[in-house]
Amino acid sequence: DLFMKKLAFIAFYAAPVVLSVSIFLASSSWSQTSPAQGPKIGVVNVNTIFTDSVKIKDYKESMQQVKDTEQKIMEGLRTKLEGLSKEIEAIKTQLQTTPNSYDLKLKIREKNAALASAKSELDFRLNSWNEFIEKDISGRITTIYKDINLVIGEYAVSNGYDFVLKIDDDPNSPETIFNEDRIDRRDVLFFNKFYDITDQILKKLDTK
């Protein structure tokens, strides 16, 4: 549906909120122990943020409720249009046998007026809904990215991080490692699990 596609499209293509850089961290193991002294680095899984954030889940649910309500109204209008069209055709059939009937001509005129009115209302609602989706989702996504960026910045400064990198999936997973088609689209090719601060960012984001 339009809403979910729009949301997925913006979330995927919107500008990264954290520093993106393609690096390969050489390591003999995937341990979660602290590495040798050096720049303090963290990674944040943006997909996980958008999937697991309570705030984002609540927003999606509220938007789904609005969408369901509007969809019912539009379905009712479509049903009304179908009914009016059938009634008009039935009256036209009657007119073939009584072409001079004033009552039938009046009825068909009234039904055509009602049909035009219902069609106009449906078109208006469709256009209004599309505009609402465009503005509301774009605005909410912008706010969400700002919040994520702010939380990451605050957490990084408070905990002494020098770099925070963005990942969209877990590059350490077997599915990702052996998927050559996706390697050119990944910002981080490998990372030590010690660096992952996604859970900490999620907690701060949802309590903000």
Check whether [X] reaches the backbone of [Y] with its side chain - one donor and one acceptor, N or O, closer than 3.5 Å.
X      : Y      : result
Asn149 : Tyr145 : no
Ser138 : Lys135 : no
Ser117 : Ala113 : no
Thr98  : Ser101 : no

Out of Asp206, Asp58, Thr48, which residue meets the side-chain hydrogen bond (donor to acceptor under 3.5 Å, both in side chains) rule with Ser53?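 Going through Asp206, Asp58, Thr48 one by one, the side-chain hydrogen bond (donor to acceptor under 3.5 Å, both in side chains) with Ser53 is satisfied by Asp206 alone.
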
Would you check, one step at a time, whether the test side-chain contact (heavy atoms from CB on, under 4.5 Å) holds for Val164 with Tyr155? CA-CA 10 Å; Val164 177; Tyr155 184 87; over 6 Å; no

For Asp136, enumerate each residue passing the salt bridge (charged side-chain N to carboxylate O under 4.0 Å, His left out) test, keeping only those at least two apart in sequence or located in another chain.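 Asp136: no salt bridge (charged side-chain N to carboxylate O under 4.0 Å, His left out) contacts found.
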
Measuring only between side-chain heavy atoms, which start at C-beta, is [X] closer than 4.5 Å to [Y]?
X      : Y      : result
Ile133 : Met63  : yes
Leu104 : Ile108 : no
Lys119 : Leu115 : no
Leu106 : Glu110 : yes
Tyr195 : Leu165 : no

Identify the two heavy atoms, one from [X] and one from [Y], that lie closest to each other, and give their separation to 0.1 Å.
X      : Y      : value
Lys57  : Thr51  : CE-O, 3.1 Å
Gln200 : Asp196 : OE1-O, 4.0 Å
Phe163 : Pro39  : CE1-CB, 4.1 Å
Ile49  : Leu202 : CD1-CG, 3.7 Å
Lys60  : Phe50  : NZ-O, 3.7 Å
Asn159 : Lys40  : O-NZ, 2.7 Å

Nearest-0.5 Å distance, [atom1] of residue [X] to [atom2] of residue [Y]:
X      : Y      : atom1 : atom2 : answer
Asn100 : Lys105 : CG    : NZ    : 5.5 Å
Lys86  : Leu84  : NZ    : CG    : 11.5 Å
Arg140 : Thr143 : CZ    : OG1   : 7.5 Å
Thr198 : Leu205 : OG1   : CG    : 12.0 Å
Glu75  : Lys80  : CD    : NZ    : 16.0 Å
Trp129 : Ile73  : CH2   : CD1   : 10.0 Å

Membership question, hydrophobic clusters at under 4.5 Å side-chain separation (ILVMFWY): are [Y] and [X] in the same one?
X      : Y      : answer
Leu126 : Leu81  : yes
Val66  : Leu77  : no
Val44  : Tyr161 : yes

Taking atom NZ of Lys55 as the centre, does the number of heavy atoms from other residues, nucleotides or ligands within less than 6.0 Å exceed 12?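 Yes - once you tally the heavy atoms of other residues, nucleotides and ligands closer than 6.0 Å, there are more than 12.
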
Does a donor on one side chain sit under 3.5 Å from an acceptor on the other, for Gln64 and Asp68?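 Short answer, yes.
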
For a salt bridge (Lys or Arg N to Asp or Glu O under 4.0 Å) check, start with the C-alpha distance between Glu121 and Arg125, then their side-chain angles and the critical distance, and finish with the verdict. CA-CA 6 Å; Glu121 183 180 354; Arg125 283 191 171 275; 3.8 Å; yes

